[in-house]
Amino acid sequence: MKELRQIHAQMIALGLIRYTYITSRILAFCAISKNGDLEYARRIFDRIQMPTIFNWNAMIKGYSRSAQPQFGLSIFARMRAELVLPNMHTFPFAIKACDGLSSVAQIHGQVVKFGFDLDVYVVSSLINMYSKHDVGVARQVFDKSPNKNVVSWTSLISGYCVQGQVVEARKVFDEMPERNDVSWSAMISGYVQNECHTEAIELFRELKERALLRPNRSVLVSILNACAGLGASEEGRWVHSYIDENGFEYGLELGTALVDFYVKCGCVESSRQVFDKMPIKDVMAWSAMIVGLAINGHSDSALALFAEMERSKTKPNAITFVGVLSACNHGGLVYKGWDYFKVMSNVYGISPSIEHYGCMVDLLGRAGRVADAEQLINGMPMRPDGVIWGALLNGCLIHGHVELGERVGRRLIELEPHHSGRYVLLANMYASMGRWEGVVSVRKMMRERRVTAVPGCSFIEITGVVHRFLVDDKSHSKSADVFKMLNDLHNEVISSNYETMMVQAILS
DNA sequence: CTAGGGTTAG
């Protein structure tokens, strides 16, 4: 871009600017290229007296992929006001610049008016844009269109997926006459976006077995997502070796997806190895690693990595601070947590979200500072949700603040009357204080409201077999060994003066 | 003379 500006300046100096063809090429590069400069393109564009359709299209395209696609529409409107005729290249980007259902419909009118409603490119753009707002309309356009190709089919799939209609999407996927890597990718990532992780992995296995297509990067990213959601470490590790064997680079998306996958499976070392190998790291990559260290209990490493991130001049965002604050939370670092909470808004201008408040309430509550936590909640700019009150109640439970706990617990139950865990927490608090009449009243309320406690369960995958454990579950073939191990661990914790350690952690 | 659509991380 720097070189281009120099060339452009020389052209102006030499009077070559009247060679409109070259100016057009420069304009197009600035507007469209990934390392271009849309503002600069706009300045060139504004000085052209009679822009050609090529110039107009370049500007519309540039804006349509920018942060303000609406400007693309206003360029299109200006173009029409100057009575310039659009061509087939104009519409895909004018459509992409639409921000709502009504603007799509208006552009659709223009498409019909100029007779481009048979063009596959234009039609699939329309289907894609309609499906973001109303997949029914997208379907109508699709059904009416005589020229369908793999792209229009794929647009319809992602449309259904965006609307949460995965079953419909799958029907379309099964019906389509031919599929390419993007269609597979759209269907698999659609499953993942709708939390249908198992279906995503099944479809991925089908793709592998058919061996028609090599999974592309976006498929791999989506599958890693699914593996992360399921804790399917075997499948994810397979993907990792596939990535290495096939020479895929640890780019931002794929690298971050790998980091996140390992983090969610609790393999902090593997995730750190991938992270360290990533040649370029952006906010998301740093955040994934920091959050990962934090949720796996490596508070010090998480905070050290945050310091490193600051040194690398990568600007942290709201998610980064979720990681930083939860690191403080897991490490019991109350004062540091407060400091970071202030740094977040004062230094980085990030206003705390409900998640950040959740971390702080949790942190204060666990440290026994329930009054401070309550004060923080009262000062929140947004309405506290169940997570916030739950964190406070948990603090009350740990530190025996029965009056506040009771108040919060009752409030929480009214806020989420069908959430069994809230009743259980309150009942546990009564039980811990020996207030059995309280326990009985909570149990009674649950019975009357027909709220049943969902037993907590956890999964672990060992050599491809998933083992499931419920509370007090003795059905597993090795359950005697499991309970013996638990008992040994419990005794070890008791004898190693665990409480003193906790108090030190909280006071540090 | 130049150019167009669908998938992709925290």
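Quick note on labels: first sequence line is chain A, next is B, and so on, each numbered from 1.
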* **Under-4.0 Å side-chain N/O to phosphate OP1/OP2 contact, A:Lys96 with B:dG4** => no

Side-chain N or O of A:Lys61 closer than 4.0 Å to phosphate OP1/OP2 of B:dA3 = no

Ring-base stacking, A:His89 with B:dA3 (5.5 Å, 30° cut-offs): yes

OP1, OP2 of B:dT8 versus side-chain N and O of A:Gln193: anything below 4.0 Å? yes

The nucleotide from B:dG5, B:dT2, B:dG10 with an atom nearest the side chain of A:Ala288 is B:dG10

Students often get this wrong, so: under 4.0 angstrom with heavy atoms, is A:Val123 touching a base, only sugar-phosphate, or nothing? nothing

Atom OH of A:Tyr21 and atom C1' of B:dT2 are separated, to the nearest Å, by 5 Å

Is the A:Tyr250-A:Phe275 ring centre distance short of 6.0 angstrom? no

Is the terminal nitrogen or CZ of A:Lys61 (NZ for Lys, CZ for Arg) located under 6.0 angstrom from the six-membered ring centre of A:Trp56 and within 45° of that ring's axis? no

Hey, does A:Phe91 reach any base, or is it just sugar-phosphate, or nothing, if we go heavy atoms under 4.0 Å? nothing

query: Under 4.0 angstrom, heavy atoms only, what part of the nucleic acid is A:Val283 near: base, sugar-phosphate, or nothing?
result: nothing

With a centroid cutoff of 5.5 Å and a plane-angle limit of 30°, would you call A:Phe54 stacked on B:dT2?
-> yes

Rounded to whole Å, CE of A:Met176 lies from P of B:dG6 at a distance of 15 Å

Rounded to whole Å, the CD-P distance (A:Glu355 to B:dG10) equals 13 Å

With a 4.0 Å cutoff (strictly under), does any side-chain N or O of A:Asn149 reach OP1 or OP2 of B:dG6?
no

Between CD1 of A:Ile295 and P of B:dG10 the distance, given in whole Å, is 11 Å

Query raised in the report: With ring centroids as reference points, do A:Trp338 and A:Tyr335 lie under 6.0 angstrom apart?
Result: no

- Query: With ring centroids as reference points, do A:Trp153 and A:Phe142 lie under 6.0 angstrom apart?
  - Reply: yes

message = Please confirm whether the shortest side-chain N or O distance from A:Ser158 to OP1 or OP2 of B:dG6 is below 4.0 Å.
response = no

| Considering only heavy atoms and no angle criterion, is a donor-acceptor pair shorter than 3.5 Å present between the side chain of A:Asn87 and the base of B:dA3? | yes

Quiz prompt | Output field: ring centroids A:His240/A:Phe261 closer than 6.0 Å | solution = no

